[in-house]
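All remarks here apply to the structure that follows.
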Amino acid sequence: MPRTPDDVHWADYNAAQQGREVRPLCREVMELAGPGAGRQAVDLGCGLGLETRALLRAGWRVHAVDGEPGTGDRVLTTTRGCDRSRLTVEVRRFADLAALPPADLVYAGYSLPFADPGDFGRLWAVVRGSLRPGGWFAANLFGDRDAWAGTMHGTFLALSEVRQHLDGLQIVELHEEDGPGSSYRGPKHWHAFHVIARRPETPFSDTSP
Ligand SMILES: C[S@@+](CC[C@H](N)C(=O)[O-])C[C@H]1O[C@@H](n2cnc3c(N)ncnc32)[C@H](O)[C@@H]1O
């Protein structure tokens, strides 16, 4: 498959992630969710696979998904020494993602904002549809005042839209970041929502858009 500028961009990004700590949101949801043994997690937009590795080490079965070519080899390298009988890797663009395995935890670290806005609702429904009763969901979403809104193709949400998308889930944490910070592209104004939510144990009616 020919490499696109996006592929090159993400290859550079993921190479620069070597050696960083597990992201705080992932650590937090893992603590809340409890022991992983016998349970299924999804790392959606897994990149280098650092959070995939943390989940494997905590005993989870992990399905790691990312659209970037080479993800399989990259995640296998990152997870060397882990029990990879509990690991599956899927190289797939969000636009082509029709389903995910039934999951007790879906973690999407800074990945969903790169979905096409016209496809975001469908992708969100795929994620929600994969959550088992009691299943945990954690994601970093971009807000509509983010510096990249308007300059980068992606999905930027207002707080009201985030709340709408979470309707029917128990919101455990919804932290809005709105201020200057740094990114792999240099300093920027961050407007982001850091979300942890949970599907109730009892059935809910899914009315999200
Ligand atoms: C900002 S990185 C985050 C990676 C990792 N979760 C982390 O926290 O380092 C976004 C990831 O989403 C993937 N990605 C971006 N757009 C995508 C798309 N349309 N379909 C599938 N994966 C995509 C990229 O390949 C990249 O690995």
Side-chain angles (χ1 to χ4, degrees), residues 22-47 49 51-67 86-90 92 94-117 119-143 155-177 192-209:
V22 174
R23 295 211 184 273
L25 190 73
C26 184
R27 282 206 311 268
E28 202 180 330
V29 75
M30 284 173 66
E31 264 177 46
L32 287 165
R39 298 163 82 198
Q40 178 73 53
V42 170
D43 185 358
L44 186 58
C46 62
E51 283 67 36
T52 293
R53 180 173 65 192
L55 287 158
L56 284 173
R57 284 176 175 168
W60 292 85
R61 287 194 302 271
V62 185
H63 186 66
V65 183
D66 201 288
R86 290 186 271 106
L87 171 67
T88 47
V89 181
E90 180 175 0
R92 196 168 307 282
F94 295 147
D96 301 322
L97 191 67
L100 288 167
D104 304 290
L105 193 168
V106 177
Y107 169 73
Y110 294 97
S111 56
L112 289 172
F114 299 98
D116 187 287
D119 193 42
F120 188 83
R122 184 203 61 82
L123 180 62
W124 191 268
V126 168
V127 171
R128 284 188 63 139
S130 75
L131 287 176
R132 288 185 169 135
W136 293 84
F137 170 64
N140 312 100
L141 303 169
F142 287 172
T155 300
F156 298 85
L157 302 168
L159 175 59
S160 59
E161 293 174 300
V162 174
R163 286 194 178 283
Q164 243 184 317
H165 283 302
L166 293 171
D167 186 41
L169 298 179
Q170 176 196 350
I171 299 176
V172 177
E173 180 176 317
L174 175 48
H175 170 66
E176 183 173 13
E177 179 182 358
F193 301 102
H194 309 291
V195 174
I196 296 180
R198 195 173 187 197
R199 178 176 166 176
E201 294 280 357
T202 49
F204 65 98
S205 68
D206 190 341
T207 54
S208 68

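Owing to the predicted nature of the structure, the values given are computational and were not obtained by experimental measurement. The figures that follow rest on heavy atoms only: side chains count, while hydrogens, waters and symmetry mates do not.
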Asp167 CG to Arg163 CZ distance, which is reported to the nearest 0.5 Å: 11.0 Å
Would you say the side chain of Leu44 lies within less than 4.5 Å of the side chain of Leu97, judging by non-hydrogen atoms? yes
Nearest-0.5 Å distance, CZ of residue Phe94 to CG of residue Leu123: 6.5 Å
Rounded distance (nearest 0.5 Å) linking atom CG of Asp66 with atom CZ of Arg92: 12.5 Å
Please tell me if the side chains of Leu32 and Glu173 come closer than 4.5 Å, counting only heavy atoms from C-beta onward. no
Regarding Glu177 and His194, do their side chains bring together a donor and an acceptor under 3.5 Å, going by distance alone? yes
Between Phe137 and Ile196, is any pair of side-chain heavy atoms under 4.5 Å apart? no
Shortest non-hydrogen contact between Glu51 and Tyr107, atoms and distance: CG-CE2, 3.5 Å
Interatomic spacing from CG in Asp43 to SG in Cys26 - rounded to 0.5 Å: 7.0 Å
Does any part of the side chain of Leu55, heavy atoms only, come nearer than 4.5 Å to the side chain of Thr52, both counted from C-beta? no
Shortest non-hydrogen contact from Arg199 toward Leu131: NH1-O, 2.7 Å
Closest non-hydrogen atom pair, Pro101 against Ser130: O-CB, 3.6 Å
Please collect all side chain to side chain donor-acceptor pair (under 3.5 Å) contacts where either partner lies in residues 97-106, sequence neighbours excluded, each pair once. Asp104-Arg132
Give me the atom names and distance for the closest heavy-atom approach of Ala115 to Thr155. O-OG1, 2.8 Å
pair Phe120-Leu157: side-chain heavy atoms closer than 4.5 Å: yes
I want to know whether Phe193 and Phe142 have ring centres closer than 6.0 Å. no
Rounded at 0.5 Å granularity, tell me how far CD in Gln170 sits from CD in Glu201. 9.5 Å
Strictly by modelled atom types, are Glu90 and His63 linked by a side-chain donor-acceptor pair under 3.5 Å? yes
Report the distance from atom CG of Leu112 to atom NE2 of His165, rounding to the nearest 0.5 Å. 10.0 Å
With side-chain contact (heavy atoms from CB on, under 4.5 Å) as the criterion, how do Arg198 and Ile171 come out once you've worked through the C-alpha distance, each side chain's angles and the decisive distance to 0.1 Å? CA-CA 7 Å; Arg198 195 173 187 197; Ile171 299 176; over 6 Å; no
Note: Ser111 and Gly45 closest approach over all heavy atoms is CB-CA, 3.6 Å
Let me see the working for Arg128 and Leu169 under side-chain contact (heavy atoms from CB on, under 4.5 Å), right down to the final yes or no. CA-CA 9 Å; Arg128 284 188 63 139; Leu169 298 179; 3.9 Å; yes
Is there a side-chain contact (heavy atoms from CB on, under 4.5 Å) between Val62 and Thr88 once you walk through the steps? CA-CA 6 Å; Val62 185; Thr88 47; over 6 Å; no
Whether the side chain of Glu31 engages the backbone of Glu28 through a donor-acceptor N/O pair (distance < 3.5 Å, no angle test) should be reported. no
To check you understand the geometry: which heavy-atom pair defines the closest contact between Tyr110 and Pro113, and what is its length? C-CD, 4.0 Å
Listed partners of Ala33 passing side chain to side chain contact (heavy atoms under 4.5 Å, CB included), at least two apart: Arg39, Trp60, Leu105, Trp136
